[in-house]
Amino acid sequence: QVQLVESGGEPVQAGGSLTLSCEASEYTFSRFRMGWFFQAPGKERKGIAAIDSEHGTTSYADSVKGRFTISEDTDKGVLYLQMASLKPEDTGTYYCAAAPMLYCSGGYCYRSEEAYYGQGTQVTVSS
């Protein structure tokens, strides 16, 4: 059973930085591609970052490219999202995701129909 637990969300001022963490259940990293999704208030959830452990590559949606960095500690089973230059439009809920297929290309992120999410962590960016 896949279990994902996010943490690290909190209020922050525009221009600030924040790092989110996601603890994954055993074998999740070896079984699935990992990534982060974002849901703004009243909007659909969308992918923003993905990591391919096998090939050591990362990919991002245009909305966060150059500002956010996804990384993982496979020994600890923890996925990270380092966020910098935060904007008020980054306000929302951030979800850790695991899926058989998950990547970003052409500015957008894509996932397989099978996907697992954590409960989310809230980030509020004030201007």
**Message:** I need the M34 CE to S71 OG distance, nearest 0.5 Å.
**Reply:** 11.5 Å

**Complete:** Rounded to the nearest 0.5 angstrom, the NZ-OG distance for K87 and S85 is 8.0 Å

Shortest non-hydrogen separation from [X] to [Y] and the atoms involved:
X	Y	answer
G9	T121	N-OG1, 3.0 Å
S30	Y27	OG-O, 2.9 Å
A14	P88	CB-CD, 4.1 Å
E114	P100	O-CD, 3.2 Å

**Prompt:** What pairs of residues pass the salt bridge (charged side-chain N to carboxylate O under 4.0 Å, His left out) test when at least one of them lies in residues 30-48, not counting sequence neighbours?
**Reply:** R33-D52

**Asked** How would you list all residue pairs meeting salt bridge (charged side-chain N to carboxylate O under 4.0 Å, His left out) that involve residues 62-85, not counting sequence neighbours?
**Response** D62-K65, R67-D90

Main-chain N/O of [Y] paired to [X] side chain as donor or acceptor, under 3.5 Å:
X	Y	answer
T91	V125	yes
Q13	S126	no
E6	Q119	yes

**Request:** Could you list all the disulfide bond (SG atoms under 2.5 Å apart) pairs where at least one residue sits in residues 43-104, not counting sequence neighbours?
**Result:** C22-C96, C104-C109

Tell me whether [Y] is reachable from [X] by hopping between hydrophobic residues (I, L, V, M, F, W, Y) whose side-chain heavy atoms are closer than 4.5 Å.
X	Y	result
M83	I51	yes
L20	L102	no
W36	Y95	no

Side chains of [X] and [Y]: does their closest heavy-atom pair fall under 4.5 Å?
X	Y	value
E10	L18	yes
L79	F29	yes
Y60	I70	yes

**Request:** Run the numbers on L81 and I48 for side chain to side chain contact (heavy atoms under 4.5 Å, CB included), then give the verdict.
**Result:** CA-CA 10 Å; L81 184 68; I48 56 172; 4.0 Å; yes

**Message:** Atom CD of residue position E113 - does it have more than 12 heavy atoms of other residues, nucleotides or ligands inside 6.0 Å?
**Reply:** no

**Fill in**
Contacts of F68 meeting ring pair (Phe, Tyr, Trp, His ring centres under 6.0 Å) (sequence neighbours excluded), chain-then-number -> none

**Contact list for residues 98-120, test ring pair (Phe, Tyr, Trp, His ring centres under 6.0 Å), sequence neighbours left out** = F32-Y116, F37-Y117, Y103-Y110

**Message:** According to side chain to side chain donor-acceptor pair (under 3.5 Å), who are the partners of Q122, at least two apart in sequence or on a separate chain?
**Reply:** T93

